[in-house]
Amino acid sequence: AKHQRSQAYLLFDYKKNYCPSNILDPVATDTLPKIENITKLADELEGRRKVLDRYTIDELICIIDKAAQKWMNPDSHLMPLRTQGLQFLSGWCRAQSLRSVADQSLRGARGLLDSPRSLLGMNRRLIFARPRGLVAHWLAGNVPLLGMLALVQCILTRNCNLLKASNTFSSVLPALLDTFRDLVVKDIGGRTLLGNDILKAITVVYYPREDIVSAEAMSQSSDVRIAWGGRSAVENIMNLPRRYGSEDIIFGPKLSYMAIGRDMLKTERLVRRYARRAATDASVFDQYACASPHTIFVESGGEAASPKDFAKLLAAEMDKALVRIPKAPVDSDTAAQIESIRLHYELTGDLWKSNNTD
């Protein structure tokens with residue numbers, strides 16, 4: 001590794017978005033600025049982090065909320081991301097949602113990020129939540145929007161962020177971040193909040209898998225490492241040299257399930273409501289994210305519907321969800337796997353399916 005040179009490239013920083021305007025187009029590295037030294041880049045990023053200290057957490061939430069509203073503009077070039085969970089992400093980043101997430105994470109008092117506070121009436125002891133410093137993110141290519149969930153929380157906790165994009169969908173996160181550029185928001189008190197200040201603490205880079213020099217430099221420069229992806233990818237990141245005292249947050253391979261109790265099946269109205277919600281949850285991120293349940297357990301004994309009744313209704317609601325959340329085209333291998341699973345259940349149980357593999 002000592003004889004290798006950095007093969008890292010700059011995708012996005014507070015000065016410019018260097019990615020193609022069409023977010024689904026692959027990025028050509030010969031059009032990107034070369035990064036000679038990841039460590040120097042990380043040091044500069046940590047120096048700019050202090051600009052976030054000018055804002056309260058509610059002011060940061062206000063800026064993110066306005067950017068999230070822009071994501072769902074019908075004229076936005078982000079509309080192709082609807083099939084990747086853009087609507088879910090936009091709703092999660094709205095002000096009310098972020099305030100709730102912050103309160104749940106900070107002992108019911110998100111103001112701990114702004115100043116020392118007493119808790120549980122203990123006036124002699126104050127608690128103050130402080131940023132860790134630089135957070136390094138290794139993003140996954142199969143669900144490009146998920147990295148924004150972690151990044152938003154790192155922004156609210158006033159950390160600076162160095163993100164390594166995947167070689168697929170590498171333009172997605174820069175496109176989302178670009179909505180903060182030149183964004184000006186007036187809060188309730190009349191203070192001017194600038195989206196550009198958030199961007200000063202964020203940089204997105206790309207380097208190929210074989211670039212050990214850049215990977216090690218990024219790891220050793222970070223106070224927190226966040227890794228997304230399959231087991232092999234996560235293990236490779238976790239085995240990189242690290243700074244003493246740094247912490248790891250791993251989002252590796254997981255499967256989710258949903259459970260619906262019989263109390264939620266007491267009336268036809270409740271059954272329809274939860275079938276619709278189940279269809280939406282199963283469709284967001286197209287089953288590629290751990291947030292998408294792969295299996296739904298339905299308790300017997302519901303007054304208005306049996307598990308089989310629920311399955312029939314769910315099949316109809318999945319067709320409706322396909323209209324709300326259009327699915328990306330299916331490759332031949334995936335279509336073959338779907339048909340194979342269907343054949344298994346046609347022979348061993350009851351099956352409800354769409355006319356095609358959507």
Side-chain angles (χ1 to χ4, degrees), residues 24 26 79-89 140-146 166-169 172 228-235 251-266 268-358:
L24 299 182
M79 278 297 101
L81 297 178
R82 286 185 60 198
T83 60
Q84 303 288 339
L86 181 63
Q87 186 171 359
F88 169 84
L89 177 65
N142 61 333
V143 193
L145 293 182
L146 283 185
S166 170
N167 59 352
T168 56
F169 293 112
V172 168
W228 300 80
R231 178 172 179 175
S232 176
V234 169
E235 286 180 343
F251 297 103
K254 298 181 180 71
L255 291 178
S256 291
Y257 67 87
M258 178 187 299
I260 299 177
R262 61 187 179 189
D263 288 346
M264 298 299 102
L265 305 175
K266 288 183 176 180
E268 292 185 5
R269 181 179 180 182
L270 279 175
V271 174
R272 289 195 300 270
R273 177 192 300 173
Y274 286 101
R276 182 174 64 253
R277 290 183 178 181
T280 300
D281 286 354
S283 300
V284 170
F285 299 120
D286 198 18
Q287 295 282 290
Y288 285 110
C290 58
S292 297
H294 285 229
T295 304
I296 301 175
F297 295 96
V298 182
E299 186 178 15
S300 300
E303 296 177 18
S306 66
K308 183 176 286 190
D309 294 332
F310 188 87
K312 292 178 181 178
L313 183 58
L314 178 61
E317 289 295 339
M318 288 294 289
D319 284 334
K320 296 177 183 178
L322 184 61
V323 178
R324 299 193 304 271
I325 311 171
K327 181 181 172 73
V330 176
D331 61 83
S332 58
D333 289 341
T334 302
Q337 292 178 29
I338 293 172
E339 293 296 355
S340 175
I341 293 171
R342 286 175 171 176
L343 177 61
H344 171 76
Y345 283 100
E346 280 183 329
L347 297 174
T348 60
D350 297 313
L351 175 72
W352 295 269
K353 63 179 182 179
S354 58
N355 293 327
N356 52 33
T357 55
D358 290 347

Asks: Tell me, which pairs form a ring pair (Phe, Tyr, Trp, His ring centres under 6.0 Å) where one or both residues lie in residues 318-358, sequence neighbours left out?
Replies: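 Pairs touching residues 318-358 that pass the test: none.
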Asks: With sequence neighbours left out, what residues match Y274 under ring pair (Phe, Tyr, Trp, His ring centres under 6.0 Å)?
Replies: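 If we apply the ring pair (Phe, Tyr, Trp, His ring centres under 6.0 Å) test to Y274, skipping adjacent residues, there are no hits.
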Asks: Test of understanding: with side chain to side chain contact (heavy atoms under 4.5 Å, CB included), list the residues that count as partners of S300, not counting sequence neighbours.
Replies: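 Only P307 meet the side chain to side chain contact (heavy atoms under 4.5 Å, CB included) criterion with S300.
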Asks: Do V284 and I325 touch side chain to side chain, with heavy atoms closer than 4.5 Å?
Replies: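 Result yes, sub-4.5 Å side-chain heavy-atom pair found.
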Asks: Could you measure the distance from the CZ atom of F88 to the OG atom of S292? Nearest 0.5 Å is fine.
Replies: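 F88 CZ to S292 OG: 9.0 Å, rounded to 0.5 Å.
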Asks: Specify the closest pair of heavy atoms between G141 and S166, including all atoms of both residues, with the distance to one decimal.
Replies: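 G141 and S166 have their closest heavy atoms at CA-OG, 3.4 Å.
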Asks: What are the two closest non-hydrogen atoms of A305 and V271, and how far apart are they?
Replies: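 Minimum heavy-atom separation between A305 and V271: CB-CG2, 3.8 Å.
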Asks: Using the ring pair (Phe, Tyr, Trp, His ring centres under 6.0 Å) criterion, which residues pair with F297? Sequence neighbours excluded.
Replies: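 Ring pair (Phe, Tyr, Trp, His ring centres under 6.0 Å) check on F297 returns Y257.
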Asks: The criterion is salt bridge (charged side-chain N to carboxylate O under 4.0 Å, His left out); which residues satisfy it with R273, sequence neighbours excluded?
Replies: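 In terms of salt bridge (charged side-chain N to carboxylate O under 4.0 Å, His left out), with neighbours along the sequence ignored, R273 is linked to no residue.
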Asks: For M258, what residues pass the side chain to side chain contact (heavy atoms under 4.5 Å, CB included) criterion, not counting sequence neighbours?
Replies: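 Counting only residues at least two positions away or on another chain, M258 forms a side chain to side chain contact (heavy atoms under 4.5 Å, CB included) with I260, A278, D281, P293, I296.
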Asks: Taking the side chain from E299 and the backbone from R262, do they hold a donor-acceptor pair closer than 3.5 Å?
Replies: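 Judged by distance alone, yes, a pair lies under 3.5 Å.
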Asks: For H294, what residues pass the side chain to side chain contact (heavy atoms under 4.5 Å, CB included) criterion, not counting sequence neighbours?
Replies: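 With neighbours one apart ignored, the set is L255, Q287.
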Asks: Closest approach of P253 and G230, non-hydrogen atoms and distance?
Replies: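 P253 and G230 have their closest heavy atoms at CD-C, 3.9 Å.
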Asks: Side-chain donor-acceptor pairs under 3.5 Å in residues 328-337, sequence neighbours left out?
Replies:
residue, atom, partner, partner atom, Å
D331, OD1, D333, N, 3.1
D331, OD1, T334, N, 2.9
D331, OD1, T334, OG1, 3.2
D331, OD2, T334, OG1, 2.9

Asks: Which residues satisfy the side-chain hydrogen bond (donor to acceptor under 3.5 Å, both in side chains) test with R324, sequence neighbours excluded?
Replies: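 Checked R324 against side-chain hydrogen bond (donor to acceptor under 3.5 Å, both in side chains); matches are T280.
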Asks: List the residues meeting side-chain hydrogen bond (donor to acceptor under 3.5 Å, both in side chains) with E235, not counting sequence neighbours, and say none if there are none.
Replies: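 side-chain hydrogen bond (donor to acceptor under 3.5 Å, both in side chains) list for E235, sorted by chain: R231.
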Asks: Just so I know, are the side chains of M79 and L86 near enough to count as touching, which here means a heavy-atom distance under 4.5 Å?
Replies: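 Yes, side chains in contact.
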Asks: Taking side chain to side chain contact (heavy atoms under 4.5 Å, CB included) as the definition, give me every residue that meets it alongside K353, ordered by chain and number, with sequence neighbours left out.
Replies: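 Result, side chain to side chain contact (heavy atoms under 4.5 Å, CB included) vs K353: R342, E346, L351.
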Asks: Supply the atom-to-atom distance E303 CD to L270 CG, rounded to the nearest 0.5 angstrom.
Replies: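 The distance works out to 10.5 Å.
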Asks: Could you pull out every donor-acceptor pair under 3.5 Å between side chains of residues 308-319 and any protein atom, sequence neighbours left out?
Replies:
residue, atom, partner, partner atom, Å
K308, NZ, D350, OD2, 3.0
D309, OD2, S306, N, 3.1
D309, OD2, S306, OG, 3.1

Asks: Do the side chains of E339 and T357 get nearer than 4.5 Å, heavy atoms only?
Replies: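 A side-chain contact under 4.5 Å exists here.
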